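Report on one structure; see the data block that follows.
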Amino acid sequence: MTKHYTGLIERYRDRLPVSASTRIISIGEGNTPLIQLQNIPRLIHKEVDIYVKYEGLNPTGSFKDRGMTMAVTKAVEEGSQAIVCASTGNTSASAAAYAVRAGITAFVLIPEGKIAQGKLAQTLMYGAKIIQIKDNFDAGMKIVKEIIDHAPVTLVNSVNPYRIDGQKTAAFEIIDELGDAPDYHCLPVGNAGNITAYWKGYREYAADSGKLPAVASKAPVMCGYQAAGAAPFISGKMVDNPETVATAIRIGHPQSWDYAWAAQKQSGGWFDCFTDDKILAAQKMLASFEGIFCEPASAASLAGALNDIGSGKIPEGSKIVCTLTGNGLKDPDIAISQCAEDKPVVVEATLDAVKRAILEQM
Ligand SMILES: *Cc1c(COP(=O)(O)O)cnc(C)c1O
């Protein structure tokens, strides 16, 4: 029987910290589509190539799976029987799934009442031990960083360096597909692990990390976007009560603070923030003009790119990649409430009534 390779560790194993004897914990993550937008550039009358990296097609529906395959693989290799994380939802879903795959236990701390329905459903189905806390993500993060000294559990938040290693493979995939790095890379920033990971991956392929042969001629300008109510990188200081409809980036105390600033400075990039309305408008635009459904937090990348293309900060002729961090199905409540005015018609179940309904709406 031929061996069937699926996940990103197999694909990029020479660039990841695994050995021939490492048992790989994979559910077939990575290798997500890089989709060129066709209608939106025309709509905004700009000569730009915008690609979206659709991370919502990972096994649990977010990019967190890239980091989790590595983090859980290493936890198991090191003999761990349990993992722990704080989460706004996607990390918990991912940790729960990979723990099942490995045959170990996942403990997840989530903010009570503040995680999207889809993420909660997944975490329940995978059978994680859910601990709801009466506070936000940042409070949970503080606790899990301490709990590892008091219980035999491995921390799998993005402060775990293996998470960053797994997630950097998204940059590899983009370069492998485009033949070189894009000019600009736009992504939402919450805890700032992902911007750290992309920057690491881009630099490794451009070989300015000093150890690998170059695959890319350059690294992109990194543009990190936040929600206005949770924007510590814009105010320059931590935010104590972050609020946004984009719950995946409802974070006021980013753990990868210094790494994210380094990515911004070294790449010549910037941070910016947008209101919830603007983020939701970008989410709807992507769905209704391109057929691509991402969760609210993910749409911050497109909201930012469109804003900066509009202002000329990102010039025409640029090649831009936006990471769509999570699947739109994660948060059905927000999606349905956004479409409250587009109520479906109700008609009698007859040929005539359905015919009329179609012809009226042509
Ligand atoms: C985790 C997450 C983010 C934020 O990523 P960070 O690495 O915390 O900056 C953005 N969008 C979605 C959908 C996420 O799950």
Side-chain angles (χ1 to χ4, degrees), residues 29 32 52-68 71 85-95 108 110-111 114-116 118-120 122-123 136-138 140-141 156-161 163-168 170-171 185-201 222-227 230-233 242 244-261 263-264 271 273-274 279 282-283 286 293-304 322-331 334-335:
E29 56 293 315
T32 54
V52 294
K53 182 72 171 156
Y54 194 19
E55 292 289 277
L57 293 190
N58 275 296
T60 78
S62 86
F63 76 85
K64 299 299 196 300
D65 294 343
R66 290 184 184 275
M68 209 55 74
C85 65
S87 178
T88 61
N90 282 335
T91 303
S92 66
S94 186
V108 305
I110 54 176
K114 289 287 184 183
I115 87 165
K119 303 176 190 183
L120 183 60
Q122 291 178 286
T123 309
N136 61 22
F137 169 84
D138 297 307
M141 192 65 228
V156 295
N157 280 103
S158 58
V159 292
N160 179 327
R163 279 278 309 275
I164 304 298
D165 273 324
Q167 287 169 215
K168 76 182 177 186
H185 190 108
C186 303
L187 77 174
V189 173
N191 222 9
N194 213 26
I195 191 169
T196 300
Y198 270 99
W199 185 237
K200 186 174 189 200
M222 300 297 294
C223 310
Y225 301 117
Q226 303 207 280
F233 284 103
T244 169
V245 68
T247 51
I249 51 173
R250 187 172 169 268
I251 295 173
H253 290 244
Q255 296 297 313
S256 295
W257 181 254
D258 293 338
Y259 291 122
W261 281 114
Q264 177 264 316
F271 294 109
C273 65
F274 300 98
I279 290 170
Q283 182 199 21
L286 198 52
F293 188 23
C294 67
E295 68 174 282
S298 310
S301 61
L302 182 68
C322 296
T323 301
L324 300 181
T325 45
N327 197 299
L329 296 171
K330 292 274 192 175
D331 200 341
I334 297 290

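Predicted model only: the values in this text are computed from it and were never measured. Remember, it's 1-based here, ligands and their atoms both numbered in the order they're listed. We count residues from 1, following the sequence as given.
Each salt bridge (Lys or Arg N to Asp or Glu O under 4.0 Å) pair with one or both residues in residues 246-258, not counting sequence neighbours, appears once here: E243-R250.
The two atoms that bring A282 and A299 nearest to each other are CB-O, 3.7 Å, heavy atoms only.
A side-chain donor-acceptor contact under 3.5 Å links K53 and T32. A side-chain donor-acceptor contact under 3.5 Å links Q167 and N194.
For the side chain to side chain contact (heavy atoms under 4.5 Å, CB included) criterion with I110, the lone passing option out of T91, L120, T123 is L120.
For the pair D165 and K200, the salt-bridge criterion is met [side-chain N within less than 4.0 Å of a carboxylate O].
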N or O contacts of ligand 1 with protein under 3.5 Å, please list pair by pair.
from	atom 1	to	atom 2	distance (Å)
ligand 1	7 (O)	G193	N	3.1
ligand 1	7 (O)	N194	N	2.8
ligand 1	8 (O)	N191	N	2.8
ligand 1	9 (O)	G190	N	2.8
ligand 1	9 (O)	N191	N	3.3
ligand 1	9 (O)	A192	N	2.8
ligand 1	11 (N)	T325	OG1	2.7
ligand 1	15 (O)	K64	NZ	2.6
ligand 1	15 (O)	N90	ND2	2.7

